[in-house]
Novice: 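One structure follows; several queries about it will come next.
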Amino acid sequence: MDAIILQILNGLDKGSAYALIALGLTLIFGTLGVVNFAHGALFMIGAFCSVTLSKLLNLSFETVDPTQKDFLGNPLKVKTPYVESWFGPEVGATIIDWSVPLAILFAIPIMLVIGYVMERGLIKHFYKRPHADQILVTFGLAIVLQEIVKFYFGANPIQTPAPDALSGVANLGGALGLQIAYPIWRLVYIGFSLLLIFGAFAFLQFTTFGMVVRAGMADRETVQLLGIDIDRRFTIMFGLAAAIAGLAGVMYGPINAPNYHMGMDFLVLSFVVVVVGGMGSLPGAVLAGFLLGILEAFASTTWATTTIPGINQIIIYLVAIIVLLTRPRGLMGKKGVMED
Amino acid sequence: MLGLKKHDLSLLIIVAILTMAAPFLLNPFPTESGMAQFNAGYPDLMQKFVIFGIFAIGFNILFGLTGYLSFGHAAFLGVGSYACVWMFKLLGYNVLPGILLSIVVSGLFALLIGVITLRRSGIYFSILTLAFAQMSFALAYSVLSNPKFNLTNGETGLQVYADDPQWFHSDRLPDLPHLFGLSMRATHRMELGAWEFQFNVGYYMCAVIMLLCFYLAIRIFRSPFGLMLRAVKSNQQRMNYTGLNSRPYTLAAFVISGMYAGLAGGLLSAVDPLAGAERMQWTASGEVVLMTILGGAGTLIGPVLGAGLIKYFENIFSKINESVLHGWFGFLPDGLEDFVITLVYPFVGKGWHLTLGVIFMLVVIFLPGGLVEGGQRIGRLFRGKKPSGAAKSATTEPAE
Amino acid sequence: ASHSGFTNAPQGDTVTLGFNVPQSGPYADEGADELRAYQLAVEHLNGEGDGGMMNTFSSQVLEGNGIMGKKVEYVTGDTQTKSDAARASAKSMIEKDGAVMITGGSSSGVAIAVQGLCQEAGVIFMSGLTHSNDTTGKDKKANGFRHFFNGYMSGAALAPVLAAQYGEDRKAYHLTADYTWGWTQQESIAAATEALGWTTVENVLTPLAATDFSSYIAPVLNSGADVLVLNHYGGNMVNSLTNAVQFGLREKMVDGKQFEIVVPLFSRLMARGAGENVKGILGSTNWHWSLQDEASQAFVKSFGTKYGFPPSQAAHTCYVQTLLYADAVARAGSFNPCAVVEALEGFEFDGLGNGPTLYRAEDHQCFKDVLVVRGKENPTSEFDLLEVVEVTPRAQVEYAPDHPMFAGGNLGQCNPGA
Amino acid sequence: MNVKPDFSKGRNYAETAPAFLSVWNMEAYYGESYIVQNISFNVHEGEILALLGRNGAGKTSTLRAIARMDNPQVTHGEIWLDHQPLHNMASHQAAQGGIGLVPEDRSIIPGLTVEENLQLAQIAPPVGWSINRLYELFPRLGERRKQEGVTLSGGEQQMLAIARALARDIKVLLLDEPYEGLAPVIVDEIEKTLRVIKEQGITTILVEQNAVRALELADRSVILDTGSVVFDGSAKEVLGNAELREEYLAI
Amino acid sequence: MGILEVKNVNKRFGGLQALGDVNLSVAENTVHAIIGPNGAGKSTLLNVLVGKLIPDTGSVMFDGQSVLGRKPYEINQMGISRVFQTPEIFGDLTVMENMMIACFAQRDGAFRMHAVGSMWSERDIVATAEDMLESMNLQDKRDMHSASMSRGDKRRLEIAMCLAQSPRLLLLDEPTAGMSRSDTNNTIDLLKKIKQDRDITIAIIEHDMHVVFSLAERITVLAQGTPLVEDTPEKIKGHPKVREAYLGESQVAA
Ligand SMILES: Nc1ncnc2c1ncn2[C@@H]1O[C@H](COP(=O)(O)OP(=O)(O)OP(=O)(O)O)[C@@H](O)[C@H]1O
Ligand SMILES: Nc1ncnc2c1ncn2[C@@H]1O[C@H](COP(=O)(O)OP(=O)(O)OP(=O)(O)O)[C@@H](O)[C@H]1O
Ligand SMILES: CC(C)C[C@H](N)C(=O)O
Ligand SMILES: [Mg+2]
Ligand SMILES: [Mg+2]
């Protein structure tokens, strides 16, 4: 019982990562009609926003401490972060400790700007081009972004730990007499994702914005004929998707240390999620994200892997195949979106 | 001649001349010069050019003509490679049975996957093919390489061991892949002054096969079958209401392109007898997509050019290290030298991916039809034709 | 160039070596450090710099005038940590650049693939990082040599320390990267610990592509195990260890025993990736910069002075492999691979940072002391992440060439190529 | 007719020459092929202009050019609507400036219901008839308001397209073959509607194959042939001129 | 017994009864027009005939065989061709290629693997295609990219493709919509000529009464998914209900 609940939590946790990335992807993919292979890179950049912030907060001045030696036997240079000298050691340390949540504020404007520049500078010229061209150009962009990050941050993962108060485990099942200890940050992540997902839904559902963008995707020309500046809305949409991807990245940092290829690792999977959910359907993407997350969690259990060896490696693809063969447009796909 | 129109025949002849003379053309710089770094005329790379050319030509028969974007074609390449190495292990190092088997096996595999995946179109088809290929990869990488049932030898890759049966192997034959005794590795080196040229058996075998494949592709493009494939891309609804069943056409195209991929995989094993699982990974499938689009999807020669460009970058640019750069820019004053090198360094050597990414972007942005369009534009400039005239004639010529 | 009876016999007054390291992909940082070490070794061979470990090396035939008077030049390539790419890159070095020896790499799959290629092409392969038993086991080749230790040796060194620190009555839960290296290491560790009384509760294979290990970690909580062994490397290890710590495994008590995590194969570059989580965790490593012997000190000094930070075990192995090759050529008096093989087989040496070392003739595996290390609780610098707990003597990690974990291979004949 | 009016005078000009919409020396291209060749004509406020010509004469292209769509691209000439220089605008700006185009393929937006198609038209200012008023004009649409627009029958789609144009506060209605595919009774209905619209002071350009019908409704007519204006005059004149009808309209 | 027998066909879309108990019999070698208000279900009926839609109940027999449950291409191979309300052509291909596809489908059936051999060497195909283009006055546009033609031309191309298939039953959904008067007249003449030259049955949907009354031998009026009347053109013209619900006053005048 405990094990099952734990795996469900794990599934929700994985699922919220998938859902969040797929959500941003499908906003661009299902509404703007652009196959954005650089979406993973946006997720990665989000994570590196938080790496950068923590580097900035850790910017230090050096003092030489002759009592200690470095690895070559020279006197050790001791580093003190500026924040600690400005705000006093305690406040400074707290600020540094909370760098990941702070990075959310830091990342939003950055991601919006990146999204804006990307859409205005590149993507907008590709709305009418074949999907194949979009793939090539955004893949090229993804490589470029990824290589730039590698150039500055190296190839190894860099830890961005959660604040002390939010790391550690929470005992969930206490009242029920169950043994369920679950990392607090992962619970935060699930909550944050749900918040973001509902936020995005509300924005698109309860404003006409969503309708306009969907209409613009289906027939740009006609929407403009109705006096609507569709370009501007596409840009906003793209910025929004970039920001969602970026925030997903920031929050993911404490779960797994960010590295330059984390975007590519997620890319293919998130495409599968979007398509299994059904092209053009936001609820579909979210549903598929959680579904695949939970299935993957259960396929990784010893019971599953001993019953069917290797099931944990293929489960997602297997489910994708079954879903697409039984439901032609994925779980909740719309007719006519990207079928040709 | 050969059942080709003049235009296509001259294209074929040009390609034939280029591939046959490749050892010369690809080694334009004297061995000792600083530019020798850019020479690509060594056996391994030349083999890769033509083998990936075959892969991309085959992929283009599916994607360029029908518009079905398969994201799992590497699976067929991988299956072909494994089939060929298994022939080495069982029968011996003659490449012929291996290559034939790789075509047959990949064709069957493509038939199986095609029947299932072609029930969907568009992005749904792409993801289905991707899913099958990723499953094949996972199986090859770990599940099918467990000690009890080792079909693929996992991460290391399938290779020939001394204790393999090799029923038809004899001591007179080379202990490496060969064609009736002619070793794939055999290379004749010719020194001409400061230049050196290498003529390799494996390369020439692959080149001849590539020409055959290219010829076949031209015939397919110009055939009624090719027309039907383009009809699939253009309007399946109209096709069905014109009494044509689009499914067998797409399936045939899928199988043919799967066989091309399998052949390419077989040849990879033939020139280098080790079949690794990464060949089936999505990145490998993505690579052939990129090659085809980069060169010009739906054109005859484009995919070959795209394959060449990507392989060139992967193999030549990745080798330019700092000391090579110092060699080149050594003539500059010290400060300037360092400056230039810091500027160039991120783009070469380990930064070759960066350059490749930039090239992808530049090509798609400025040459929507891929490298082939670039060629056409240069050609137009050359002939000094006015754009309007060219546009008109472009619509009247059958699509390349 | 084919007249001299072996592939790429050096012409003129230079000799070209091929450094084939991962420059892209997940091991790019390892690759970068390897490349730094190679450049340093080339400098030292050519008589530039302070000579590093050439001064402490027991064999003193190298004179700092290149190799046999020929200046050492090198070409580099990117393995991308993929067998195909690594082979292509090695081939171009051999076919185009005339490299007479290939070295490098940061994974066993690549090492085995490139080793096979070098055997066919007739050049020497001095492997870089490769830890799988197969490299000098079922996939050993006459033209290939491994200085790095392997899974078996890790097990043999680590098990006694584990038993001493955590007791002999332990239940271990293994998470293993699902590919050849993971399997051989898991097999080795399980065998070595079981021999000392531990039981292996479960071994779960995890896909190489996995990035989030939570669903593999969660079942550990209720499995009754009190030790988690992570047979992971690189990004896999960073993530699985991070996840294990997140799930509170380190604070957990099972039947009155403190729960422990073990990472059998450690590297400092990875430890940096894992950050805080690595503190107190035991593992084994091939070499560490904090070793106090003269050779290690000399190497750290010359590397640290040039680059500003201490070398990794990857750098150490690659540096040593280059010197060993050069030395073997010098001792053999020939670049002919067969002569080099003869000179390296059964070669015993000291002064390269691992104490007295043997290149065993039967399988071309090096035998030397193995370090058991622990993540440091109070690091004094960003490099000071591991502390050496024990230097396991060579005798304790040796095994017979026909040991079942290494059986099935055939060294074959040395191949000089053309 | 071929004297360039002086637009720079703004209002002043409107007083001297009562043209409401002016097209002056307009040229437009599809990619590299030259479709609309140097067209000029004027439309006066409140009138219905019939734009006629054979298939491929360039009628649709002219309307699209006036609505400032990207394709065809206007490369030369000026277009003024009520003192606003349309030639400097993008199509959404032209739409906000009072252009309402009912395209020949109707362009009902897939994925949107009938009502959403109408709502979409009222997002950008200025807003015209209310949706309820439109449902009064076309009760059929009211019945189908929740249905996806593209599954409507051909005639229903045509009604929706016209309704959508009226949902905006337009100054000029550009109708590209509005009778096409409509039952005769509905054609009568629409014709009545067009008269109603005319009474509201909306200026209309009507492209129609059924030339006689169009001419009976229109005040004036412009006839195109291979991208050029070949006739510009009163509708009656065309109806009365058999030669003209024979040569350019084949009726 | 007509060549086409539609019996009790019903089709609902959600709450909408698009076709309600449609019975229709089209006699061989006649021109049968189907008219009716917009949204009456005319196109829906055609969709049922060509296999695009499957009716909820009822049967459709063509020449004694049921068409229900067959794939569109099978139905076409039985001898039924259709021209769509909005032109469906191969936009990426040239006009001539469009024609050749139709000719190949007619000659070779639903699938044939002629992967080598130039399509231009198929002389009979090229000749038929060219003849058909000429009869439709499209010979000048032979090598034009078909997507960039004006809509009237696209429609003529589609008709030419259907005719090239020598169908036994030709279904035309508003074939002259958007055509200029002169081309409409040409099309009427062409259809008349075809009717004379070969054995063909034509079912036509049209709102242009000029076309309907020039061609049709019998007319079915559909309203709200149900046949209202079926009769000869003269009778229909005078039918008060039809006049009120469909024709309106202007048509009667015309
Ligand atoms: N997208 C396009 N690309 C290239 N040429 C085009 C395009 N659209 C139309 N044309 C060409 O422009 C010319 C004028 O077309 P247009 O559609 O304006 O004619 P039209 O008068 O509206 O004809 P119709 O009565 O058939 O609708 C035609 O010759 C057509 O071939
Ligand atoms: N896929 C569908 N889903 C829902 N309703 C539909 C669908 N297709 C058609 N309808 C409805 O069925 C009715 C009949 O449509 P149909 O297209 O057959 O009319 P029609 O007689 O051809 O009209 P027109 O002369 O205007 O083309 C219409 O009210 C239409 O809105
Ligand atoms: C880099 C090595 C030490 C570990 C690596 N995973 C291997 O395969 O051997
Ligand atoms: Mg028109
Ligand atoms: Mg209809």
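Note on naming: letters A, B, ... go to the chains in the order of the sequence lines (proteins, then strands), and numbering restarts at 1 for each one. Everything numeric here is computed off the predicted structure, so don't read it as measured data. Side-chain atoms are counted along with the backbone in the values below, which use heavy atoms only and exclude waters and symmetry mates.
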Novice: When you measure from the side chain of B/Gln198 to the backbone of C/Glu95, do you find a donor-acceptor pair of N or O atoms at a distance under 3.5 Å?
Specialist: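 Yes, because the side chain of B/Gln198 sits within donor-acceptor range (under 3.5 Å) of the backbone of C/Glu95.
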
Novice: Tell me, for B/Leu268 versus chain C, whether the close heavy atoms (under 4.5 Å) come from the side chain, the backbone, both or neither.
Specialist: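 No part of B/Leu268 comes within 4.5 Å of chain C.
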
Novice: Suppose a student defines contact as a heavy atom less than 4.5 Å from any heavy atom of chain B. Which residues in residues 407-417 of chain C would they list?
Specialist: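 Against chain B, the residues of residues 407-417 of chain C that fall inside the cut-off (heavy atoms, under 4.5 Å) are C/Gly408, C/Asn410.
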
Novice: Tell me, for C/Leu205 versus chain B, whether the close heavy atoms (under 4.5 Å) come from the side chain, the backbone, both or neither.
Specialist: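 Looking at C/Leu205, nothing touches chain B.
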
Novice: Counting heavy-atom pairs under 4.5 Å with chain C, which one of B/Ile316, B/Asn39, B/Thr156, B/Asn27 comes out on top?
Specialist: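 Winner by heavy-atom pair count: B/Thr156.
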
Novice: Could you look at C/Gln80 and say if it's the side chain, the backbone, both or neither that has a heavy atom under 4.5 Å from chain B?
Specialist: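 Interface part for C/Gln80: side chain.
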
Novice: Find the one option among B/Gly154, B/Gly276, B/Pro43 whose heavy-atom pairs under 4.5 Å with chain C are most numerous.
Specialist: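 Heavy-atom pair counts peak at B/Pro43.
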
Novice: Restricting to non-hydrogen atoms, name the atom on B/Leu274 and the atom on C/Asp84 that form the minimum distance, rounded to 0.1 Å.
Specialist: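 Closest pair (atom of B/Leu274, atom of C/Asp84, distance): O-OD1, 4.4 Å.
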
Novice: Please state whether the side chain, the backbone, both or neither of B/Asn153 comes within less than 4.5 Å of a heavy atom of chain C.
Specialist: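 The side chain, not the backbone.
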
Novice: So which part of B/Thr31 gets closer than 4.5 Å to some heavy atom of chain C, the side chain, the backbone, both or neither?
Specialist: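 No part of it gets close to chain C.
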
Novice: Determine, for C/Lys91 against B/Asp272, whether the closest basic-nitrogen to carboxylate-oxygen distance falls under 4.0 angstrom.
Specialist: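 Looking at B/Asp272 together with C/Lys91, the answer is yes, because their closest N to O distance falls below 4.0 Å.
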
Novice: Counting only heavy atoms closer than 4.5 Å, note whether B/Thr283 contacts chain C via side chain, backbone, both or neither.
Specialist: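 Just the side chain, heavy atoms under 4.5 Å.
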
Novice: Under a 4.5 Å heavy-atom cut-off, does chain C meet the side chain of B/Asp163, its backbone, both or neither?
Specialist: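 The side chain, not the backbone.
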
Novice: Under a 3.5 Å distance rule, please check whether C/Lys96 uses its side chain to pair with a backbone N or O of B/Gln37 as donor and acceptor.
Specialist: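 Confirmed, C/Lys96 side chain pairs with B/Gln37 backbone.
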
Novice: Do B/Ser142 and C/Asp178 meet the criterion of a side-chain donor-acceptor pair at a distance under 3.5 Å?
Specialist: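 Short answer, yes.
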
Novice: Taking every non-hydrogen pair under 4.5 Å, which of C/Ala121, C/Gly98, C/Ala85, C/Gly77 racks up the most with chain B?
Specialist: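 Heavy-atom pairs under 4.5 Å are most numerous for C/Ala121.
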
Novice: Calculate, to the nearest 0.5 Å, the distance between atoms CG and OG belonging to B/Asp44 and C/Ser89 respectively.
Specialist: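 Between B/Asp44 CG and C/Ser89 OG, I get 9.5 Å after rounding to 0.5 Å.
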
Novice: Would a 4.5 Å heavy-atom cut-off, applied to side chains only, mark C/Leu208 and B/Glu155 as touching?
Specialist: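 C/Leu208 does not reach B/Glu155 side chain to side chain.
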
Novice: So which part of B/Lys48 gets closer than 4.5 Å to some heavy atom of chain C, the side chain, the backbone, both or neither?
Specialist: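 The side chain, not the backbone.
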
Novice: Heavy-atom distances under 4.5 Å only: say whether B/Ala275 touches chain C with side chain, backbone, both or neither.
Specialist: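 B/Ala275 has no heavy atom closer than 4.5 Å to chain C.
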
Novice: Take C/Thr81 and B/Glu278 through the side chain to side chain contact (heavy atoms under 4.5 Å, CB included) test and state the conclusion after the steps.
Specialist: CA-CA 10 Å; C/Thr81 311; B/Glu278 308 106 18; over 6 Å; no

Novice: Atom CG in C/Asp78, atom CG in B/Asn315: separation rounded to 0.5 Å?
Specialist: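 Answer for the CG-CG pair, C/Asp78 versus B/Asn315, is 10.0 Å.
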
Novice: Report, by ascending residue number, the residues of residues 132-144 of chain C in heavy-atom contact with chain B at a distance under 4.5 Å; give 'none' if the set is empty.
Specialist: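 Within residues 132-144 of chain C, the residues under 4.5 Å from chain B are C/Lys138, C/Asp139, C/Lys141.
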
